[in-house]
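A short worksheet on the structure shown next.
Bear in mind that the values here come from a model prediction, so they are computed numbers and not experimental data. The basis for the numbers below is simple: all heavy atoms, side chains too, and nothing from hydrogens, waters or symmetry mates. To find a chain, count down the sequence lines: A is the first, B the second, and so on, and within it residues start at 1.
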Number of protein chains: 2
Amino acid sequence: MGARAPRPGVPVRGSESGRPVMAALDLLGRRWTMRILWELSQAPTGFRELQRRCERMSSSVLSTRLDELTGARLLTLHSDGYHLTPLGQDLVEALSPLDAWSQRWARETDNAAAED
Amino acid sequence: MGARAPRPGVPVRGSESGRPVMAALDLLGRRWTMRILWELSQAPTGFRELQRRCERMSSSVLSTRLDELTGARLLTLHSDGYHLTPLGQDLVEALSPLDAWSQRWARETDNAAAED
DNA sequence: TGATACTGATTCGAAAATCGAAGCAAGGGG
DNA sequence: CCCCTTGCTTCGATTTTCGAATCAGTATCA
């Protein structure tokens, strides 16, 4: 597998600096990555079930993402499916204000649309 | 332009639900999007300067992303360059715990690598 | 009136990422 | 054995991204 997941300290796509946050933005900025973390924060989930929850995302990309996230030590696979590691749980928690923000975004977008 | 930026309330790639957070994950999950927001949170920046800061990302994608983010009311263009709107600033603030997390990620990745 | 040099932005062929249906190997009942 | 489910791979088609060239608009200086 072309396991070339971004890691802190290693220069990544779009940044020569290797600054951790840039590696994080690279990893999270790939299609489905945040969605997968989001789904796994609800409950451990197997491969096929995860695919179902994500509106049948392609299995090839799911497999690639799971490799990347596992390589980044954010996931592990057990008998009951993929789990967030403590580090992965912290990431989801760091991302959680996004939920509240998105609701404000929705309200303001509605208001703006109503004004048009 | 294929101006098809995700908006809350509108079903987006990977989600029929139209749940705001899914629209946000879709928008943010596109290449360079978070990086652009990150750069603009430091200071207003013009098109070409923004391109320079992002390691010379392609102008076509930059243009597309700026359209999407402007359409989502997260940016505006003034004489001194692109600005975050208040909504956009709130998003960056919602994302800011990511910086602290990424540093912990870096530490733990170093430790794990040292054990190998 | 050029000439030059910026700006934000577009075009378009090439390259890379993603899609998605099919299939594989392993495991667990029946 | 057969059948079903699992995690996962393969591979050709589609979509996205890349990136160099280019455009139009504005300012500056001669």
Just the rounded figure in Å: distance from [atom2] of [N] to [atom1] of [X].
X	N	atom1	atom2	result
A:Arg53	D:dG7	CZ	P	12 Å
B:His78	C:dG8	NE2	C1'	15 Å
A:Arg31	C:dT18	CZ	P	7 Å
B:Met57	C:dA15	CE	C1'	16 Å
B:Asp67	D:dT16	CG	C1'	16 Å
B:Leu62	C:dT11	CG	P	16 Å
B:Phe47	D:dG19	CZ	P	14 Å
B:Gln51	D:dG19	CD	C1'	9 Å

Nearest heavy-atom neighbours spanning B:Trp38 and B:Leu95: CZ3-O, 4.4 Å
Is [X] near enough to [N] that one of its side-chain N or O atoms lies under 4.0 angstrom from OP1 or OP2?
X	N	answer
A:Arg65	C:dT18	yes
A:Trp32	C:dA17	no
A:Ser60	C:dC19	no
B:Arg52	C:dT7	yes
A:Arg48	D:dC4	no

Among A:Leu98, A:Thr33, A:Leu28, the one residue meeting side chain to side chain contact (heavy atoms under 4.5 Å, CB included) with B:Leu25: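 Of all the options given, the one that passes is A:Leu98.
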When you get a sec, tell me which of [options] is the closest nucleotide to the side chain of [X]?
X	options	value
A:Val61	C:dT18, D:dG7, C:dT10	C:dT18
B:Arg30	D:dT9, D:dT17, C:dT11	D:dT17
A:Ser58	C:dC19, C:dT7, D:dC18	C:dC19

NZ/NE/NH1/NH2 to OD/OE distance under 4.0 Å, A:Glu108 and B:Arg73: no
Salt bridge present between A:Arg52 and A:Glu39 (N-O < 4.0 angstrom):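 Result for this pair is no, no salt bridge flagged.
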Sugar-phosphate, base or nothing in reach of B:Ser59, heavy atoms under 4.0 Å: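 Base contact.
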CD on B:Gln89 to CG on B:Leu40, rounded to 0.5 Å: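 One gets 10.5 Å once the value is rounded to the nearest 0.5 Å.
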